[in-house]
Amino acid sequence: MKITKITSHILQYDMPERLGYSQQYYDKRSAHIVEVVTAEGVTGWGECFGPGNVAIANKAIVEGVIQPMVLGMDPLDRDVIWHKVYNLLRDHGQKGMPLQALSGVDIALWDIAGKVAGLPLSQMIGGQHRKDVTVYGYGMMLRPEPFKSLRGRFVEEAAAIRDAGFVATKMKVGLGPKEDIALAAAVREGVGPTFKFMADANHCYTTSDALYVGRGLEELEAYWFEEPIAPEDLDGYRELRTQLKINISGGEAEFNRWGWRSLLEARALDIAQPEVCALGGISEYLRVLALCHAHFTPVINHVWGSAIAVATNLHLLSAMPPLPGGLHPWEPMLEFDTTDNKFRDDLLQEPLNIQQQVKENKGRVTIPTGVGLGVTPDRAFIEHYKVA
């Protein structure tokens, strides 16, 4: 087999409302879909993490840098391709956008391999430890509105996510320590005393502020505190983990096995959250997963993007070994963004229907059964929303 073409499809539309997290507000939804074509007519689909102008920059890397390196190569030589690209780009960045671009290509190569083998991705990487997975819904995004209004919205959104059938929910924080604790109290009010909720700071705090907020979250019995401080601050993460009882989670901004080795050796996390569409694709994700389990750190994948990303993560969660095992092992969950996302809901010829499954199956969704990723994008949909 031979790779003949790699195309990036950048999709975008105006969202119905302006949303935000601790770093910025945004009013456009975007996705970066990668298509790898072979001389034999087998096509693979992948996705690169990164919105807006980041996606446009990554398109240049995918098509202008990576494509010339791999044209004519056998797409089944996934590991050969991965290391060729990484080694040639090492001088230009071992993290960030080069790895995001490589991720989309690598995922597409795994999709091709599954189609050639006639096997779903989950079987390609070892088999299914579980036929379905539980799903947590995140929402409670920041909005540019008065605090009183935002607090009331958080109460209502949290209750709605619980009532939709999700097994847990996650909120955003980032207004300031006292305001954020008040928002977390609103979420606890909305979901009730026993429903599991988490808080995501998107690395907005100093260590001292993170300790203050973490203690407030502990009083509210939140399950985890996500990305409380800058991902570079490993000493700060270790300090938080030592001083707080709440689970400290993170890792979505870490790349490749070498970055994850440092993060795990620092004993910085209670829960690891690798992002397969950013850290180097499925090939590198499997190496990172092995590192996490070697350090006895449980994994709940970070999931952001289109239905391609969701399908990929469903397979990965299905094939994830239980840690540490037993009659009632610790189990991963699928992260699901409950805000408006046409690229997740309407991209595929046969939609995943996550929300419907969650409602009908007590918070659980099944794994795609088709070969490769088991999903096929609608080309007319792609052309309608394509901006680059």
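Heads up: numbering here begins at 1 and tracks the sequence. Values reported hereafter were calculated over all heavy atoms of this structure, with side chains retained and with hydrogens, waters and symmetry mates removed.
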Do Lys245 and Arg215 make a side-chain contact, defined as non-hydrogen atoms from C-beta onward lying under 4.5 Å apart?
no
Could you walk me through whether Thr38 and Thr43 pass the side chain to side chain contact (heavy atoms under 4.5 Å, CB included) test, one step at a time?
CA-CA 6 Å; Thr38 66; Thr43 296; over 6 Å; no
Can you name the closest pair of heavy atoms from Val34 and Cys48 and give their distance?
CG2-SG, 3.6 Å
May I ask you to say whether Glu145 pairs ionically with Arg153, meaning some side-chain N is under 4.0 Å from a carboxylate O?
yes
Are a donor atom and an acceptor atom from the side chains of Glu47 and Ser306 found within less than 3.5 Å of each other?
yes
Any carboxylate oxygen within less than 4.0 angstrom of a Lys/Arg side-chain nitrogen, looking at Asp270 and Arg241?
yes
Report yes or no: do Val85 and Leu76 belong to one cluster of Ile/Leu/Val/Met/Phe/Trp/Tyr joined by side chain heavy-atom distances under 4.5 Å?
yes
Using 30° and 60° as the class limits, which term best fits the ring planes of Phe381 and Phe343: parallel, tilted or perpendicular?
perpendicular
Could you tell me if the side chain of His315 sits less than 4.5 Å from the side chain of Pro120, heavy atoms only?
yes
Examine the side chains of Gln273 and His302 and answer whether a donor and an acceptor come within less than 3.5 Å of each other.
no
The test is side chain to side chain donor-acceptor pair (under 3.5 Å); show your working for Asp106 and Ser283 and say whether it passes.
CA-CA 7 Å; Asp106 182 79; Ser283 297; 2.7 Å; yes
Spacing of Glu284 atom CD and Leu291 atom CG [to the nearest 0.5 Å]
8.5 Å
Kindly indicate whether the side chain of Met73, heavy atoms from C-beta on, has any atom under 4.5 Å from the side chain of Val80.
yes
Output the distance between atom OG (Ser208) and atom CD1 (Ile229), rounded to the nearest 0.5 Å.
10.5 Å
For a quick check under 3.5 Å, do Ser249 and Glu227 share a side-chain donor-acceptor pair by atom type?
no
Answer yes or no: does atom CG of Asn53 have more than 12 heavy-atom neighbours from other residues, nucleotides or ligands under 6.0 Å?
no
Answer yes or no: is there a side-chain heavy-atom contact under 4.5 Å between Val62 and Val105?
yes
I'd like to know if Glu226 and Lys172 make a salt bridge, using a cut-off of under 4.0 Å between side-chain N and carboxylate O.
no
Please determine whether residues Ile61 and Ile10 belong to a single hydrophobic cluster, defined as Ile, Leu, Val, Met, Phe, Trp and Tyr linked transitively by side-chain heavy-atom distances below 4.5 Å.
no
Does Trp110 have any ring pair (Phe, Tyr, Trp, His ring centres under 6.0 Å) partners at least two apart in sequence or in another chain, and if so, which?
none
Within the supplied structure, the quantity of interest is the number of heavy atoms (other residues, nucleotides, ligands) at a distance under 6.0 Å from Glu360 CD; does it exceed 12?
yes
Under a 3.5 Å threshold, yes or no: a donor from one side chain and an acceptor from the other, between Ser8 and His32?
yes
List the steps, then state whether side chain to side chain contact (heavy atoms under 4.5 Å, CB included) holds for Leu19 with Arg143.
CA-CA 5 Å; Leu19 300 175; Arg143 292 171 172 85; 3.5 Å; yes
Any donor-acceptor N or O pair under 3.5 Å, side chains Lys170, Tyr136:
yes
Can a salt bridge be assigned to the pair Asp345 and Lys342 using a cut-off of 4.0 Å between side-chain N and carboxylate O?
no
For a quick check under 3.5 Å, do Asn202 and Gln23 share a side-chain donor-acceptor pair by atom type?
no
Residues passing the salt bridge (charged side-chain N to carboxylate O under 4.0 Å, His left out) test with Glu40, sequence neighbours excluded, are none
Please find the pair of heavy atoms, one from Thr207 and one from Gly236, that lie closest to each other, and give the distance.
OG1-CA, 4.0 Å
Of all heavy-atom pairs between Val36 and Leu109, which one has the smallest distance, and what is that distance?
CG1-CD2, 4.2 Å
Report yes if some heavy atom in the side chain of Phe225 is under 4.5 Å from a heavy atom in the side chain of Leu240; otherwise report no.
no
For a quick check under 3.5 Å, do Thr339 and Arg29 share a side-chain donor-acceptor pair by atom type?
yes
For Val54 and Met97 the tightest heavy-atom approach is CG1-SD, 3.9 Å
Would you check if Val299 and Met320 make a side-chain contact, meaning some heavy-atom pair closer than 4.5 Å?
yes
Could you go through Val133 and Val365, starting from their C-alpha distance and side-chain angles, then the distance that decides it, and tell me whether this counts as side chain to side chain contact (heavy atoms under 4.5 Å, CB included)?
CA-CA 6 Å; Val133 295; Val365 297; 3.8 Å; yes
I need the full list of side chain to side chain donor-acceptor pair (under 3.5 Å) pairs touching residues 379-388, with sequence neighbours left out, sorted by first then second residue.
His9-Lys386, Glu35-Arg379
Does Lys95 qualify as a cation-pi partner of Phe255, given the criterion of NZ or CZ under 6.0 Å from the six-membered ring centre and within 45 degrees of its axis?
no
So that I know where these two stand, are Tyr138 and Trp304 an aromatic pair - ring centroids less than 6.0 Å apart?
no
Common cluster, Val187/Tyr212, ILVMFWY with side-chain heavy-atom separation under 4.5 Å:
yes
How far does CG of Leu314 sit from CG of Asp132, to the nearest 0.5 angstrom?
10.0 Å
Does the side chain of Met171 come within less than 4.5 Å of Glu157's, by heavy atoms?
no
Any side-chain donor paired with an acceptor under 3.5 Å for Gln128 and Gln123?
no
Interatomic distance, Asn301 atom CG to Glu252 atom CD [nearest 0.5 angstrom]:
12.0 Å
With a 4.0 Å cut-off on N to O distance, would you call Arg287 and Asp79 a salt bridge?
yes
If I compare all heavy atoms of Met140 with all of Ala158, which pair ends up nearest, and what's the gap?
SD-N, 3.6 Å
Any non-hydrogen side-chain atom of Ile33 less than 4.5 Å from a side-chain atom of Ile308?
yes
Given Glu63 and Lys59, is the salt bridge (charged side-chain N to carboxylate O under 4.0 Å, His left out) satisfied, shown in steps?
CA-CA 6 Å; Glu63 296 183 350; Lys59 174 182 173 70; 2.9 Å; yes
Could you walk me through whether Tyr13 and Asp340 satisfy the side chain to side chain donor-acceptor pair (under 3.5 Å) test, starting with their C-alpha distance in whole Å, then the side-chain angles of each, then the deciding distance to 0.1 Å, before giving a yes or no?
CA-CA 11 Å; Tyr13 70 91; Asp340 186 89; 2.5 Å; yes
Within 6.0 angstrom of Glu265 CD, more than 12 heavy atoms from elsewhere:
yes
Does Glu219, at its CD atom, have more than 12 non-hydrogen atoms belonging to other residues, nucleotides or ligands within less than 6.0 Å?
no
Kindly determine whether Leu121 and Ile125 satisfy side chain to side chain contact (heavy atoms under 4.5 Å, CB included), including the steps that lead there.
CA-CA 6 Å; Leu121 173 62; Ile125 58 179; 4.1 Å; yes
Before giving the answer on side chain to side chain donor-acceptor pair (under 3.5 Å), spell out for Thr366 and Gln357 the whole-Å C-alpha distance, their side-chain angles and the decisive distance to 0.1 Å.
CA-CA 8 Å; Thr366 57; Gln357 289 192 65; 3.1 Å; yes
Closest non-hydrogen atom pair, Leu279 against Tyr285:
CD1-N, 3.3 Å
Pairwise distance CG(Asp180) to CG(Leu142) - rounded to 0.5 angstrom:
7.5 Å
